[in-house]
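All heavy atoms count here, side chains included; hydrogens, waters and symmetry mates do not.
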Amino acid sequence: MGLVTRFGFPVWMVVVGLGLVSWRSDAAQGMAPRTRYEPNWASLDQRPLPRWYDEAKVGIFLHYGVYSVPSFGSEWFWHNWLNLRTPEYIQFMQRNYKPDFTYQEFADEFTAELFNATQWALLFKDSGARYVVLTSKHHDGFTLWPSKHSFSWNSMDVGPKRDIVKELAAAVRGVSDLKFGLYYSLFEWFNRLWIDDKLHLLMQQHFVDQKVRPEQLDLVQEYLPEIIWSDGDWEAPAKYWKSEQFIAWLYNDSPVRDTVVTNDRWGMGTACKHGDFYNCADRFNPGVLQSHKWENAFTLERSSWGQRFDVSLSNFMSTKDLIKEIVTTVSCNGNVLINVGPTKYGTILPIFEERLRDMGRWLKINGEGIYGSVPWIYQNDTETPNVWYTRGQQAESNSSIAIYAFVLDYPYDTNELDIHPLGKEVTISRNVHLTGLDFGTNGEVLTKQTTKVVMLGMGNTKVQWTSSHNKLHVKFPPKNHMDKRGLDYAWTLKITIA
């Protein structure tokens, strides 16, 4: 029957399928006449994904706002306190604030006096991220720019007295090549226009017409974000939000029409169905190949997107956990969006900085197998646990491919490892046709003549290996040599087949 994948498809079909995984990115590079998109999902879903996003792989998410002042529970503080009447929140307020204290009064303490946008941007650059997304407005309605439609409830009128969006956008673009994006919550818990529209069973759209749409247009035209990360959509359908009209404008006429990307949170039922990339749900990581580009948005502090102080060390992801999340996501055609919550003072806590700098050092060594990669025909090794694969997007020559095997668990007992980059069920008679290449002789696929194995970060140090049909038996370099070069958390074998 020939070589098949674990999904039961012949390899040639999967190779074609892999082309489809990235066809949106490839198409985006053409110079064809500009396509105009109609304000409906059938048309909008045909837009090719701008290549930069697929190649970037790693982004930073920032949840910053008035909720950073109490720093308790989560960024849903106002809702949990006054709408849900959660006992822990009520007790927190009774113990620490006067009886008639309002959420709006927190804004005066949202000072951001230590906020240095350039320091943030340099940290994100050092982290190895390729884009950053800032919350321009969360569900409490407070905006981090001087919105004309949020009087006295924005960072210029109260609190910092600064345009946080403008400062960070300028810094990111000034000191790095990172793309800048903005999160925007469609709904607001206590906005009277929104509440009134709900009371009218969403048969009127005063909130959208007078608040949401003007702010969306203002953000795009003023700050030129290349990611529009929509949220707060789930209480109304996309037709109420007029999402299709807005996205059509983004793609057709906005100043970022050639490069902007959008997620999938545009109204009830749009998640995992519509958008340049899918978020599906918070912390979405399916562990299997997804044909449509997707993003795993997750928090370094496991419980909250906003900064909180009611935490212990166990609440934070370790660097090893972080690297595993990156590898398992990218192997399945995803990007990662890694959230940190700054303090009300405008600083990023040292534990977040440490995780990001650790990530940057790892990506500096292993990023070759992450940035610009595409899914391999197998995402993980079913014989050897915690080994995941990607493929280099471009062949190193006209007759070779590069497969990257990420080893998440070091083989401490033996310093040796078996991996199966071509799958466990391969049977070979004479030749294997794989991704357009013809290699293998006398029943052997991975031979010294056709295959080269190196470990990223080890320079010219040779990696000893033997093969048996589709199996590679790899002997790692001495651990002390690897430690000296800073190899840690996950180790990457580059397998080049000519």
>> Apply side chain to side chain contact (heavy atoms under 4.5 Å, CB included) to residues Tyr251 and Val256 and explain how you reach the verdict.
In response: CA-CA 8 Å; Tyr251 292 172; Val256 290; over 6 Å; no

Considering all heavy atoms of both residues, which atom of [X] and which atom of [Y] are nearest to each other, and what is their separation?
| X | Y | value |
| --- | --- | --- |
| Pro375 | Ser331 | CB-O, 3.9 Å |
| Glu325 | Asn296 | OE2-ND2, 2.9 Å |
| Asp233 | Gly267 | OD2-N, 2.8 Å |
| Tyr183 | Ser136 | O-OG, 2.6 Å |
| Arg47 | Val261 | NH1-CA, 4.4 Å |
| Pro342 | Ser68 | O-OG, 3.7 Å |

Can a side-chain donor-acceptor contact be found between [Y] and [X] if the only test is distance below 3.5 angstrom?
| X | Y | result |
| --- | --- | --- |
| Tyr184 | Glu215 | yes |
| Thr299 | Arg283 | yes |
| Ser230 | Asn263 | no |

>> Would you call the rings of Tyr67 and His63 parallel, tilted or perpendicular, taking 30° and 60° as the class edges?
In response: tilted

> Who are the salt bridge (charged side-chain N to carboxylate O under 4.0 Å, His left out) partners of Arg308, not counting sequence neighbours?
Replying inline: Glu301, Asp310

> Of all residues at least two apart in sequence or in a different chain, which pass the salt bridge (charged side-chain N to carboxylate O under 4.0 Å, His left out) check with Asp177?
Replying inline: none

Residues in side-chain hydrogen bond (donor to acceptor under 3.5 Å, both in side chains) with [X], at least two apart?
| X | value |
| --- | --- |
| Ser312 | Ser314, Asn315 |
| Glu416 | His473 |
| Ser185 | His139 |

Kindly state whether the ring of [X] and the ring of [Y] have centres lying under 6.0 angstrom apart.
| X | Y | value |
| --- | --- | --- |
| Trp388 | Tyr404 | no |
| Tyr131 | Phe124 | no |
| Tyr64 | His138 | no |
| Tyr53 | Phe277 | yes |
| Trp229 | Phe61 | yes |

>> Quick one, Trp294 with Phe284, criterion ring-ring contact (aromatic ring centres under 6.0 Å, His included). Give me CA distance, side-chain angles, the key distance, then yes/no.
In response: CA-CA 9 Å; Trp294 60 284; Phe284 178 71; 5.5 Å; yes

So, do [X] and [Y] sit near enough that their side-chain heavy atoms are less than 4.5 Å apart?
| X | Y | result |
| --- | --- | --- |
| Leu182 | Ile227 | no |
| Leu493 | Val454 | no |
| Leu322 | Asp358 | no |
| Ile370 | Trp362 | yes |
| Leu186 | Gln216 | yes |
| Arg213 | Phe246 | yes |
| Val463 | Phe476 | no |
| Val327 | Leu408 | yes |

>> Between Lys452 and Trp465, does the side chain to side chain contact (heavy atoms under 4.5 Å, CB included) criterion hold? Intermediate values first, please.
In response: CA-CA 9 Å; Lys452 179 182 178 182; Trp465 61 276; over 6 Å; no

If you count every heavy atom of other residues, nucleotides or ligands that lies below 6.0 Å from [X] atom [atom1], does the total exceed 12?
| X | atom1 | result |
| --- | --- | --- |
| Gln464 | CD | no |
| Lys320 | NZ | yes |
| Lys475 | NZ | no |

To the nearest 0.5 Å, tell me how far [X] [atom1] sits from [Y] [atom2].
| X | Y | atom1 | atom2 | result |
| --- | --- | --- | --- | --- |
| Ile403 | Leu446 | CD1 | CG | 7.5 Å |
| Thr390 | Glu368 | OG1 | CD | 9.5 Å |
| Lys479 | Met482 | NZ | CE | 6.5 Å |
| Tyr278 | Thr270 | OH | OG1 | 10.0 Å |
| Arg257 | Trp249 | CZ | CH2 | 10.5 Å |
| Asp45 | Asn40 | CG | CG | 9.0 Å |

Are [X] and [Y] within salt-bridge range, i.e. N to O under 4.0 Å?
| X | Y | result |
| --- | --- | --- |
| Arg302 | Asp321 | yes |
| Arg265 | Asp231 | yes |
| Arg130 | Glu55 | no |
| Arg361 | Asp488 | no |
| Arg357 | Asp126 | yes |
| Asp264 | Lys273 | no |

> What residues, two or more places apart in sequence or in another chain, satisfy disulfide (SG to SG under 2.5 Å) together with Cys280?
Replying inline: Cys272

>> The test is side-chain hydrogen bond (donor to acceptor under 3.5 Å, both in side chains); show your working for Asn285 and Thr328 and say whether it passes.
In response: CA-CA 8 Å; Asn285 188 359; Thr328 57; 3.1 Å; yes

> Would you find a donor on one side and an acceptor on the other, under 3.5 Å apart, between the side chain of Ser468 and the backbone of Lys471?
Replying inline: no

> Side chain of Glu235, backbone of Gly232: donor and acceptor closer than 3.5 Å?
Replying inline: no

> Picking from Leu123, Val132, Val133, what satisfies side-chain contact (heavy atoms from CB on, under 4.5 Å) with Ile60?
Replying inline: Val132

> side-chain hydrogen bond (donor to acceptor under 3.5 Å, both in side chains) between Asn335 and Glu295: does it pass, once the steps are laid out?
Replying inline: CA-CA 5 Å; Asn335 281 18; Glu295 182 182 73; 5.3 Å; no

>> Evaluate Asn366 against Thr492 for side-chain hydrogen bond (donor to acceptor under 3.5 Å, both in side chains), listing each step before the verdict.
In response: CA-CA 7 Å; Asn366 301 278; Thr492 308; 2.7 Å; yes

